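The structure appears right after this line, and notes come after that.
Heavy atoms only: backbone and side chains are in, while hydrogens, waters and symmetry mates are out. These numbers come from a predicted model, not from an experiment.
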Amino acid sequence: MVNKDRTNKEMMMKEERDIEKGYSNAEFVSKLRRLADAIEHGTKFEIQIAGERIYVPVRAEFNIEHEREGAEEEIEFQIKWRHK
């Protein structure tokens, strides 16, 4: 039962997560291609990660991060947005 005293903002807040999931090359390419298509067409991007469907809004911000530590390097393609 939903507590009626909760505000809309509180109801929109989701449980915190920090998941990293590996994909095959073909799966990764497919997801990147769908993301690029959504960006080009100005539509939201939908993806399921570890059983949860995520809806990335058109207003999302995109950036690329590079990290280097010792013999390891990492590039992260990041998509960020706030719930309204």
Side-chain angles (χ1 to χ4, degrees):
M1 179 178 231
V2 175
N3 181 346
K4 292 181 182 181
D5 293 331
R6 293 174 67 186
T7 66
N8 285 341
K9 187 174 183 179
E10 289 173 328
M11 291 174 70
M12 288 182 66
M13 298 293 287
K14 296 182 180 183
E15 182 179 326
E16 290 188 14
R17 276 177 82 160
D18 188 359
I19 294 174
E20 186 172 318
K21 184 165 180 354
Y23 293 96
S24 70
N25 288 353
E27 291 170 319
F28 189 68
V29 167
S30 175
K31 291 175 189 320
L32 285 176
R33 197 165 275 132
R34 287 190 315 102
L35 173 61
D37 288 345
I39 294 168
E40 284 181 340
H41 292 101
T43 59
K44 72 179 176 185
F45 176 66
E46 298 179 28
I47 186 169
Q48 186 166 330
I49 302 171
E52 183 176 335
R53 184 150 304 276
I54 310 296
Y55 300 93
V56 179
V58 175
R59 70 180 183 284
E61 296 178 7
F62 303 92
N63 64 63
I64 300 172
E65 181 178 313
H66 175 242
E67 296 178 23
R68 180 182 301 127
E69 185 175 325
E72 291 188 1
E73 295 199 43
E74 179 177 19
I75 294 174
E76 294 180 7
F77 292 80
Q78 296 183 341
I79 307 167
K80 295 182 181 183
W81 69 96
R82 289 188 172 269
H83 294 280
K84 287 188 169 185

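Distance check: Ile64 CD1 to Glu76 CD gives 11.5 Å after rounding to the nearest 0.5 Å. To the nearest 0.5 angstrom, Phe77 atom CZ is 7.0 Å from Leu32 atom CG.
Crowding of Glu65 atom CD: a count of heavy atoms from other residues, nucleotides or ligands under 6.0 Å exceeding 12. A 6.0 Å sphere centred on CD of Glu74 holds more than 12 heavy atoms belonging to other residues, nucleotides or ligands. Counting heavy atoms of neighbouring residues, nucleotides and ligands inside a 6.0 Å radius, atom CZ of Phe28 does not exceed 12 of them.
When the side-chain contact (heavy atoms from CB on, under 4.5 Å) test is applied to Glu69, no partner is found at least two apart in sequence or on another chain.
For Ile79 against Ala60, the heavy-atom pair with the smallest separation is CG2-CB, 3.7 Å. Listed here is the closest heavy atom pair of Phe45 and Leu35: CE1-N, 3.4 Å. Smallest separation of non-hydrogen atoms from Gly42 and Val58: O-CG2, 3.3 Å.
Placement of Ile49 and Phe62 within a single hydrophobic cluster is found when ILVMFWY residues are connected by side-chain heavy-atom separations under 4.5 Å, directly or transitively.
Legend: side-chain hydrogen bond (donor to acceptor under 3.5 Å, both in side chains) pairs involving residues 23-35, not counting sequence neighbours, sorted by first then second residue: Ser24-Glu27. Sequence neighbours left out, the pairs with a member in residues 36-59 that pass side-chain hydrogen bond (donor to acceptor under 3.5 Å, both in side chains) are Arg17-Glu52, Gln48-Arg53.
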